[in-house]
Amino acid sequence: MSTISEAIFYSEANQNRFIDELIDLLRIPSISTDPAYKKQVAQAADWLVNHLKSLGVTNAKAIHTDGHPVVVGGIEVDPNYPTVLVYGHYDVQPPDPLDLWISPPFDPAIKGGILYARGACDDKGQLFMHLKAVECWMKTSGHPPINLKFILEGEEESGSASLPGFIHKNKDLLAADVVVISDSSLFAPGVPSITYGLRGMTYMEITLTGPDRDLHSGTYGGAIHNPINALAALIAEMHDADHRITIDGFYDRVRPLSRREQITMTVLPFDADAWVREVGVHLPIMESGYSVLEASTSRPTLDCNGIWGGYIGDGAKTVLPSQASAKISMRLVPDQDPSEIAELTEVWLRRRVPKSMQLQCKVLHGAQPVLIDTESNAMEAATRALRDVYDCSPYFTRIGGSIPVVADFKHILGLDSVLMGFGLDSDAIHSPNEHFGLDRFAEGIEAILRFHAHYAGTGSVKA
Ligand code: BES
Ligand code: ZN
């Protein structure tokens with residue numbers, strides 16, 4: 001048997017144990033955005049360090065940051081081999097609303113070959129495929145056919161605030177030829193894709209304050225402006241009738257889709273009606289002049305993620321609240337800049353805030369949008385690997401989500417990323433009942449092994 005066949009055979013023979021180990025990791029509620037879970041995030045980092053060590057990555061360690069720890073480690077097989085830096089994130093989104101889960105989010109359950117748990121797909125399940133690929137090589141050939149390094153972070157879901165600083169400080173430790181990330185999706189079941197575009201992000205929290213305390217809405221209503229009413233009006237004004245964002249200058253730096261991208265998007269096997277129906281909606285709504293696929297992957301957005309103020313308990317309370325707040329995220333596309341968009345938004349808001357109120361604006365985090373060159377040895381190796389596994393060539397796609405570190409790898413280390421993901425849009429990431437098909441877990445490991453083998457052959461100028 002060839003070395004790659006042996007490694008794949010080993011993966012197939014050990015799938016059940018691999019899944020049991022992943023379930024162990026999924027039990028740890030490593031919710032990065034909630035300070036109450038700081039210990040659990042650190043626990044997940046330690047779990048990964050121990051697991052990497054058990055695979056033979058003896059130098060694995062968790063490095064402390066101002067935020068959550070970063071797990072690093074690597075195997076240098078031969079300085080002449082190309083080096084792949086594997087990125088993944090071990091933190092997860094909050095599981096709320098809990099009552100909608102069919103099984104508890106941190107008590108993983110398998111039903112019909114599908115693993116349900118917070119993080120099953122995003123991203124513990126996907127990063128674990130890379131660890132298991134290492135094991136497959138170690139237990140069959142004794143080492144991978146390339147050099148491997150890992151950088152696993154615990155802050156991705158809350159904006160990766162510590163990571164740029166960490167990368168700056170650890171350039172040598174992270175030096176590589178390319179980054180590989182599995183934190184995105186297949187185009188459809190059995191249809192592979194390589195993501196070459198990610199949207200960026202500006203995330204803000206805004207608060208309007210009116211009266212200095214909650215008031216009786218009978219005594220004061222009609223004469224004192226209500227902050228919830230005012231905030232709702234501002235949010236409504238942020239889009240026009242064509243669903244374009246009205247913030248002055250918002251679109252100034254937006255790079256239009258190339259002609260080639262526009263054509264590709266029309267030939268992708270994307271069923272917009274089915275995609276919309278799958279989330280229980282009858283009609284899509286998007287910026288005039290764009291298709292569902294264009295609007296959801298390659299155009300900027302503004303969404304209110306949460307809004308609060310006043311009385312939200314049972315029954316009715318007649319109150320004119322002192323404050324109203326909203327969390328607003330804006331997905332950005334090249335060449336928009338997260339800080340500039342935050343400034344433009346604040347200026348726009350300040351011009352419109354009613355005179356009777358004060359506005360507070362906080363930027364929670366930002367991420368640069370990304371477009372990756374699809375012509376490279378690593379892209380070619382990934383294309384071949386996916387073709388081997390799925391019997392069809394991957395599509396090159398842009399996705400609407402964000403992975404902040406991808407831009408940092410490019411700007412700080414000069415490294416491109418290969419985004420080879422095995423999720424599905426329907427895996428309910430960030431939603432109740434997140435899941436990951438065990439078939440895709442196995443396919444992912446095989447594709448990663450084949451990627452290593454192809455990249456070893458063709459991947460680097462050094463090879
Ligand atoms: N895995 C996602 C990115 C993603 C989203 C891939 C949708 C494929 C489809 C990632 O973990 C994520 O959710 N990122 C955050 C980043 C944000 C907090 C800056 C996101 O996109 O909301
Ligand atoms: Zn993720």
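By convention here, the first residue in the shown sequence is residue 1. Numbering of ligands and ligand atoms starts at 1, following listing order. Fair warning: this is a prediction, and the values are worked out from it, not measured in the lab.
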dist Ile445:CD1 -> Phe422:CZ (nearest 0.5 Å) comes out at 10.0 Å

Give me the nearest non-hydrogen protein atom to atom 5 (C) of ligand 1 as residue plus atom name, then the distance to 0.1 Å.
Gly401 CA, 3.7 Å

Does only the side chain of Pro404 get under 4.0 Å from ligand 1, or the backbone, or both, or neither? Count heavy atoms.
side chain

Which of the numbered atoms in ligand 1 are under 4.0 angstrom from any heavy atom belonging to Asp122?
1 (N), 2 (C), 10 (C), 11 (O), 13 (O)

Considering only the protein, which heavy-atom contact is closest to atom 6 (C) of ligand 1, and what is its distance?
Asp183 O, 3.2 Å

Name the closest protein heavy atom to atom 14 (N) of ligand 1, giving the residue it belongs to and the distance to 0.1 Å.
Ser402 O, 2.8 Å

Could you give the distance from CD (Glu21) to CH2 (Trp47), rounded to the nearest 0.5 Å?
6.0 Å

Is it the side chain, the backbone, both or neither of Ala367 that has a heavy atom closer than 4.0 Å to ligand 1?
neither

Measure the acute angle between the ring planes of Tyr116 and His435, then classify it against the limits of 30° and 60° as parallel, tilted or perpendicular.
tilted

Is there a heavy atom in His89 that sits closer than 4.0 Å to ligand 1?
yes

Heavy-atom contacts under 4.0 Å between Arg331 and ligand 1: side chain, backbone, both, or neither?
side chain

Met238 backbone acceptor or donor facing Thr246 side chain under 3.5 Å:
yes

To check you understand the geometry: which heavy-atom pair defines the closest contact between Gln323 and Ile228, and what is its length?
O-CG1, 4.4 Å

Atom nearest to the Zn ion (ligand 2) - Asp122, N, O or S atoms considered:
OD1

Quick one: does His430 get within less than 4.0 Å of ligand 1, heavy atoms only?
yes

Nearest-neighbour protein heavy atom for atom 7 (C) of ligand 1, which is reported as residue plus atom name and distance:
Ile429 CD1, 3.9 Å

Please check this pair: side chain of Lys124 against backbone of Leu22, looking for a donor-acceptor N/O pair closer than 3.5 Å.
no

Provide the number and element of each atom of ligand 1 under 4.0 Å from a heavy atom of Ile399.
6 (C), 8 (C)

Hey, is CZ on Arg260 packed in by over 12 heavy atoms from elsewhere, all under 6.0 Å?
no

Output yes if Asp183 passes the N/O/S-under-2.8 Å test against the Zn ion (ligand 2); output no otherwise.
yes

Might you confirm whether atom CG of Asp20 has over 12 heavy atoms from other residues, nucleotides or ligands at distances under 6.0 Å?
yes

Got the closest protein heavy atom to atom 11 (O) of ligand 1, with its distance?
Glu156 OE1, 2.7 Å

Any nitrogen or oxygen of Glu157, main chain or side chain, under 3.5 Å from a nitrogen or oxygen of ligand 1?
yes

Less than 4.5 Å apart, any side-chain heavy atom of Gln368 and any of Asp337?
yes

Is the distance between the ring centroids of His68 and Tyr90 less than 6.0 Å?
no

